[in-house]
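Written out below as structure tokens is the structure these notes cover.
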Amino acid sequence: MTRWVLSQQQHVTEATGDLTLLLSAIQFGCKFVASKVKQAGLINLLGLAGKANVQGEDVKKLDVLANDIFRNALIASGKACLLVSEEDDNAMVIKDPEQRGKYIVTFDPLDGSSNIDCGVSIGTIFGIFKVDDSNNPSEKDLIRSGRDLIAAGYCMYGSYCEMILSVGNGVNGFTLDPAIGEFIMTHPNITMPSRGKIYSVNEGNYKYFDEPCKKYVDQVKQKYSARYVGSMVSDVHRTLLYGGIFGYPADAKSKRGKLRILYEVFPMAYLVEQAGGKASTGTQNALDIVPEHIHDRSGVWLGSKEDVEELESFYKQ
Ligand code: P6P
């Protein structure tokens, strides 16, 4: 993966190598977390950390460890100036000017953590923005649309550990070879089919869905299979590779949706669009959303272009 990132850097005349080093730090964090996820049951890392996060969700021990790992790796890279983590109430400005770079990293260090204790796949999701003035970064630098992303990716800790990454010209997948501790390219140039045969949504929330959503689900279940892991990284990874549609719509229970814009919706929408798919709230392209706060949420449907456009047609009607 490092060799591939370096090859991409060579295409960019004004490249300084900063993004390469930042991605190297993220790679390191993913390798470290992958190792701890595998050992969690053996070294007493399962279970609750005994606190709630800004989302009011129970924090698992692995959530805390993963957050510390990525925060330390990103600070040590010297290429970030502002960090936004699902686990931290406020954005973190890199204090030492000597350690400050020109990138903002938004990340969910361990998404799907409600699945940790039962061994279901979980993952890290990240997005990378550039700032104009890295001397005075603030949360205001994040009140911008997902169109400003310069890179995004996720790492899925599943039956195999896979890093999916885009730096703006397509999507590539890299599988961790634990024997050598390197991510090896196994899924070059991932391109989604224009339509799939799987729909993925938590139908336990059906009674809360709005009418267009209910009509879409009633229709799509007549022709597609249902798959829902309940871990966004796993559901998106399957959708990216197999096609189809994944959704976590805003509904009467979650009026702004459940997924967070900056470090779940934007990175996944960016990746899906880079792979030829689409991401939408139902009425707006997900990448065009502009959050008001760093932990703002949004409803989202993403996947094969024709499947998402079919969903959107129910809102148009
Ligand atoms: P529900 C995991 O907690 C998460 O944030 C995403 O990974 C996942 O897509 C969603 O919530 C699942 O939510 O309400 O279906 O359990």
Side-chain angles (χ1 to χ4, degrees), residues 30 33 37 40 46-49 51-64 66-67 70 84-88 106-127 152-158 162 164 198-210 213-214 217 221 226-240 242 244-269 271-272 279-282 286 291 294-303 308 311:
C30 292
V33 170
V37 166
L46 294 177
L48 295 175
K51 64 175 186 171
N53 63 15
V54 64
Q55 331 286 343
E57 296 163 342
D58 284 337
V59 176
K60 303 275 188 170
K61 290 177 190 168
L62 265 182
D63 281 328
V64 174
N67 197 41
F70 280 105
V84 173
S85 165
E86 183 200 50
E87 296 303 331
D88 296 328
T106 63
F107 61 103
D108 184 352
L110 207 54
D111 178 76
S113 50
S114 57
N115 292 301
I116 289 178
D117 294 355
C118 63
V120 167
S121 299
I122 49 183
T124 298
I125 310 170
F126 62 91
Y154 62 81
C155 189
M156 181 186 73
Y157 311 110
E162 173 98 354
I164 297 288
I198 295 170
Y199 77 101
S200 180
V201 65
N202 182 347
E203 292 197 62
N205 295 326
Y206 182 88
K207 56 186 173 297
Y208 302 115
F209 289 168
D210 62 24
C213 204
K214 282 182 177 175
V217 171
K221 67 169 45 184
R227 293 285 184 278
Y228 190 74
V229 179
S231 186
M232 186 184 197
V233 169
S234 305
D235 284 317
V236 170
H237 191 59
R238 182 203 54 248
T239 305
L240 200 65
Y242 294 178
I245 188 168
F246 162 78
Y248 205 107
D251 60 25
K253 182 174 74 169
S254 312
K255 291 189 171 31
R256 300 286 300 268
K258 176 179 184 183
L259 302 175
R260 277 58 57 128
I261 295 169
L262 280 179
Y263 40 81
E264 291 171 328
V265 175
F266 275 175
M268 295 310 203
L271 288 168
V272 160
S280 171
T281 63
I294 60 170
H295 295 300
D296 273 359
R297 304 164 189 253
S298 168
V300 66
W301 288 89
L302 57 82
V308 175
L311 173 276

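Order of appearance sets the numbers: ligands from 1, and atoms from 1 within every ligand. Residue numbers start at 1 and run along the sequence shown.
- Taking the side-chain contact (heavy atoms from CB on, under 4.5 Å) definition, one finds that Lys253 meets it with Asn205, Tyr208, Asp251, sequence neighbours left out.
- The ring-ring contact (aromatic ring centres under 6.0 Å, His included) test applied to Tyr154 returns His237, not counting sequence neighbours.
- Using the six-membered ring where Trp is involved, Phe107 and Phe70 have ring planes that are tilted, between 30° and 60° apart.
- Each of the following atoms of ligand 1 lies closer than 4.0 Å to a heavy atom of Ser231: 7 (O).
- Remark: minimum distance from atom 2 (C) of ligand 1 to any protein heavy atom is reached at Gly112 CA, 3.6 Å.
- For the salt bridge (Lys or Arg N to Asp or Glu O under 4.0 Å) with Glu203, the qualifying choice from Lys214, Arg227, Lys221 is Lys221, the only one to do so.
- Atom 14 (O) of ligand 1 has its closest protein heavy atom at Tyr248 OH, 2.7 Å.
- Nearest protein heavy-atom contact of atom 15 (O) of ligand 1 is Tyr228 OH, 2.6 Å.
- Within ligand 1, counting atoms from 1 as listed, the ones closer than 4.0 Å to a heavy atom of Met232 are 6 (C), 7 (O), 8 (C), 9 (O).
- Close contacts between ligand 1 and Arg260 involve ligand atoms 5 (O) [criterion: under 4.0 Å to a heavy atom].
- Under the 3.5 Å distance criterion, with hydrogens and angles disregarded, a donor-acceptor pair is assigned to the side chains of Ser200 and Arg238.
- Nearest heavy atom pair, residue Ala286 against residue Val265, reads CB-CG1, 4.0 Å.
- Considering only non-hydrogen protein atoms, atom 16 (O) of ligand 1 sits nearest to Lys258 NZ, 3.9 Å.
- Asp111 OD2, 2.5 Å is the protein heavy atom nearest to atom 7 (O) of ligand 1.
- The nearest pair of heavy atoms linking Asp63 to Pro109 is O-CG, 4.5 Å.
- Atom numbering of ligand 1 starts at 1 in the shown order; those under 4.0 Å from a heavy atom of Asn202 are 1 (P), 14 (O), 15 (O).
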